[in-house]
Amino acid sequence: MPEHRSGFACFVGRPNAGKSTLTNALVGRKIAIASSKPQTTRHVVRGIITRPDGQLILIDTPGLHKPRTLLGERLNMLVYDTWAEVDVIGMCFPANEKVGPGDKHILGEIKALSQRPKLIALVTKIDLVPKQHVLQRMVAIDEVAKELGIEWEAIVPVSAATGEQVDVVADELLRILPEGPVYYPDGEVTDEPEEALMGELIREAALEGVRDELPHSIAVVIDEVVPREDRPEDKPLTDVYASIIVERDSQKGIIIGHKGERLREIGTAARLQINKLLGTRVHLHLHVKVLKEWQRDAKQLGKLGF
Ligand SMILES: Nc1nc2c(ncn2[C@@H]2O[C@H](COP(=O)(O)OP(=O)(O)OP(=O)(O)O)[C@@H](O)[C@H]2O)c(=O)[nH]1
Ligand SMILES: [Mg+2]
C-alpha cells in the first residue's frame with residue numbers, strides 16, 4: 001500500500017495577502033470570497049483537496065491585523081484558534097509588497113506557539129511583478145526566518161490568478177503532512193453550509209466599489225430560503241430573502257444607490273454566483289437594514305454569528 005498522508009493547513013498573512021484566492025485555486029471551486037478590501041474573510045471556511053496520495057483540509061481564516069473593534073478582536077481569535085489545530089501553516093507574502101514589520105509580527109506570534117506547526121512560505125500574486133522581484137522576496141523571506149529563528153519547509157512562489165505553481169503548493173503542503181486517514185468523502189470540497197456561502201457571495205457583491213470604512217460595516221444575514229412551489233420539475237426556482245446590514249443611515253443610502261441602482265447591481269452579481277453555487281435559479285430579495293455600530297456591540301455580534 002502506498003502511504004496516504006492527511007491533515008490540516010491554513011494560510012496566514014496580512015489582510016489582502018491573497019489567502020482566500022489561493023484557497024479557492026487549490027480547492028478548484030469558489031468556497032471563500034475574496035475582494036480588494038482588507039479583512040474580507042470573517043469566518044473560518046474549510047476547503048478539502050482529495051488526491052489518491054492524500055487529503056488536505058485547508059482552513060481559510062481572516063487576515064491578522066491590529067483590531068480596532070470588537071469584531072476585529074474576534075476575527076483575530078479565530079486565527080489563533082486555527083493555529084492550534086493545523087499541521088502546517090502557509091505564510092503568504094504578497095510579491096508586490098516588501099516583507100515588513102506586519103509579517104514579522106505574525107511570525108513572532110507563530111514562533112511563540114507551544115506546539116508549533118510546520119511552516120511553509122508562499123510568495124503570492126507573482127503575476128503582478130517581474131521575476132527579479134520574486135527572487136528578491138524569496139531572499140528576504142529566507143533572511144526573516146534566520147533573523148527570527150524559524151525554519152521554512154519550502155518557499156514557493158505562486159499565482160492564484162493565473163494558476164501558475166498552484167499544483168506545486170498542493171504538492172509541498174501534502175508532502176509535509178503526517179500519514180493519516182481520509183477524513184472527508186471524495187467529492188466533498190467544503191463543509192461550509194450553503195446558506196453561509198450564499199450570504200458570503202452577497203457580501204462579496206456588496207463590497208464591490210465601496211470604500212473607506214463601509215466595507216467593514218457590511219454584514220449579510222440570510223433570512224429565508226424557500227423553494228418556489230408549482231414550478232416545473234426541470235426548472236426549479238428558489239426564493240432567497242437576505243438582509244444587508246450596515247451601521248449608519250448614510251451607508252444605507254450608498255448601498256441602495258440612486259433610485260436603487262446599486263442594490264440592483266449587487267443583486268444581479270450575487271444572483272449569478274448563487275445560481276452557479278446551487279445549480280438552480282434563484283430569486284434574490286435584498287433588504288438593507290441599519291444596526292448601529294454592530295461591530296462594537298457584543299450582543300449584535302452574537303446575533304450575526306461572531
Ligand atoms: N493579480 C493577482 N491578484 C490576486 C492574486 N491572489 C489574490 N489576488 C487579489 O488580491 C486581493 C485580495 O485577495 P484575497 O484572497 O481576498 O486576500 P485575503 O488574504 O484572503 O484577504 P483577507 O480575507 O481580507 O485577509 C483580491 O482583489 C484578489 O483578487 C493573484 O495571484 N494575482
Ligand atoms: Mg480572505
Side-chain angles (χ1 to χ4, degrees), residues 9-47 58-69 71-80 82-83 89-97 99-100 102-103 105-107 109 120-131 133-134 137 156-170 190 192 196-197 199-220 269 273 295 306:
C10 72
F11 294 138
V12 300
R14 287 177 278 162
N16 227 16
K19 301 176 292 295
S20 297
T21 311
L22 185 56
T23 301
N24 288 336
L26 281 160
V27 172
R29 235 191 65 189
K30 182 160 175 169
I31 57 159
I33 64 164
S35 89
S36 57
K37 315 293 176 306
Q39 292 163 48
T40 296
T41 302
R42 285 201 187 141
H43 68 294
V44 170
V45 182
R46 286 161 195 263
L58 257 180
I59 308 177
D60 186 32
T61 55
L64 266 189
H65 61 287
K66 267 215 183 74
R68 286 177 301 138
T69 62
L71 173 66
E73 281 173 33
R74 294 200 175 167
L75 294 185
N76 278 353
M77 286 306 299
L78 288 179
V79 180
Y80 298 131
T82 304
W83 289 356
I89 293 179
M91 173 77 189
C92 296
F93 298 90
N96 57 339
E97 283 171 40
V99 176
D103 300 309
H105 175 75
I106 294 174
L107 289 172
E109 303 219 352
I120 166 169
L122 303 163
V123 186
T124 56
K125 310 192 190 182
I126 56 167
D127 56 292
L128 291 179
V129 300
K131 284 242 151 50
H133 289 208
V134 175
R137 293 290 176 266
V156 187
V158 61
S159 166
T162 65
E164 188 181 352
Q165 294 254 105
V166 168
D167 52 341
V168 179
V169 175
T190 182
E192 174 88 335
L197 261 174
E200 287 290 272
L201 291 170
I202 295 168
R203 192 163 62 85
E204 183 180 56
L207 285 174
E208 192 57 49
V210 298
R211 299 182 288 130
D212 304 327
E213 283 308 293
L214 184 47
H216 303 285
S217 294
I218 299 174
V220 172
Q273 294 281 339
Q295 285 187 81
F306 294 107

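One-based numbering along the sequence shown. These values consider heavy atoms only, across backbone and side chains, with no hydrogens, waters or symmetry-generated copies. Just so you know, ligand 1 is whichever comes first in the structure, and atom 1 is the first atom listed for that ligand.
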Excluding waters, which protein N, O or S atoms are within less than 2.8 Å of the Mg ion (ligand 2)?
->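 For the Mg ion (ligand 2), the protein N, O and S atoms that sit under 2.8 Å away are Ser20 OG, Thr41 OG1.
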
Working for side-chain hydrogen bond (donor to acceptor under 3.5 Å, both in side chains), residues Thr41 and Ser20 = CA-CA 8 Å; Thr41 302; Ser20 297; 2.8 Å; yes

Cut-off 3.5 Å, no hydrogens considered: what does the side-chain donor-acceptor table look like for residues 210-219, sequence neighbours left out?
unit_1 : atom_1 : unit_2 : atom_2 : d
Ser217 : OG     : Glu247 : OE1    : 2.8
Ser217 : OG     : Gln251 : NE2    : 3.1

Asp103 side-chain N/O to Arg14 backbone N/O, donor-acceptor pair under 3.5 Å =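 Absent.
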
Within the side chain of Arg137, is there an N or O that forms a donor-acceptor pair under 3.5 Å with the backbone of Pro157?
->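 Judged by distance alone, no pair lies under 3.5 Å.
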
With rounding to the nearest 0.5 Å, note down the distance linking NZ in Lys30 to OG1 in Thr23.
->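 Going from NZ on Lys30 over to OG1 on Thr23, the span is 13.0 Å.
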
Quick one: pull up CH2 in Trp83 and CD1 in Ile89 and give me the separation to the nearest 0.5 Å.
->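 It is 6.0 Å, given to the nearest 0.5 Å.
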
Ignoring hydrogens and angles, write down the donor-acceptor pairs under 3.5 Å from the side chains of residues 62-69, residues two or more places apart or on other chains.
unit_1 : atom_1 : unit_2 : atom_2 : d
His65  : ND1    : Gly63  : O      : 3.1
His65  : ND1    : Asn76  : OD1    : 3.4
Thr69  : OG1    : Leu71  : N      : 3.4
Thr69  : OG1    : Gly72  : N      : 3.1

Carboxylate-amine/guanidinium contact Glu208 Lys37, below 4.0 Å =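 A salt bridge is absent here (no side-chain N lies under 4.0 Å from a carboxylate O).
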
Anything with a heavy atom under 4.0 Å from ligand 1 counts, so go ahead and list those protein residues by chain and number.
->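 Answer by chain and number: Pro15, Asn16, Ala17, Gly18, Lys19, Ser20, Thr21, Ala34, Ser35, Ser36, Lys37, Pro38, Gln39, Thr40, Thr41, Gly63, Lys125, Asp127, Leu128, Ser159, Ala160, Ala161.
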
Test item: side-chain donor near acceptor, Thr162 and Asp127, under 3.5 Å |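 No, no side-chain donor-acceptor pair sits under 3.5 Å.
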
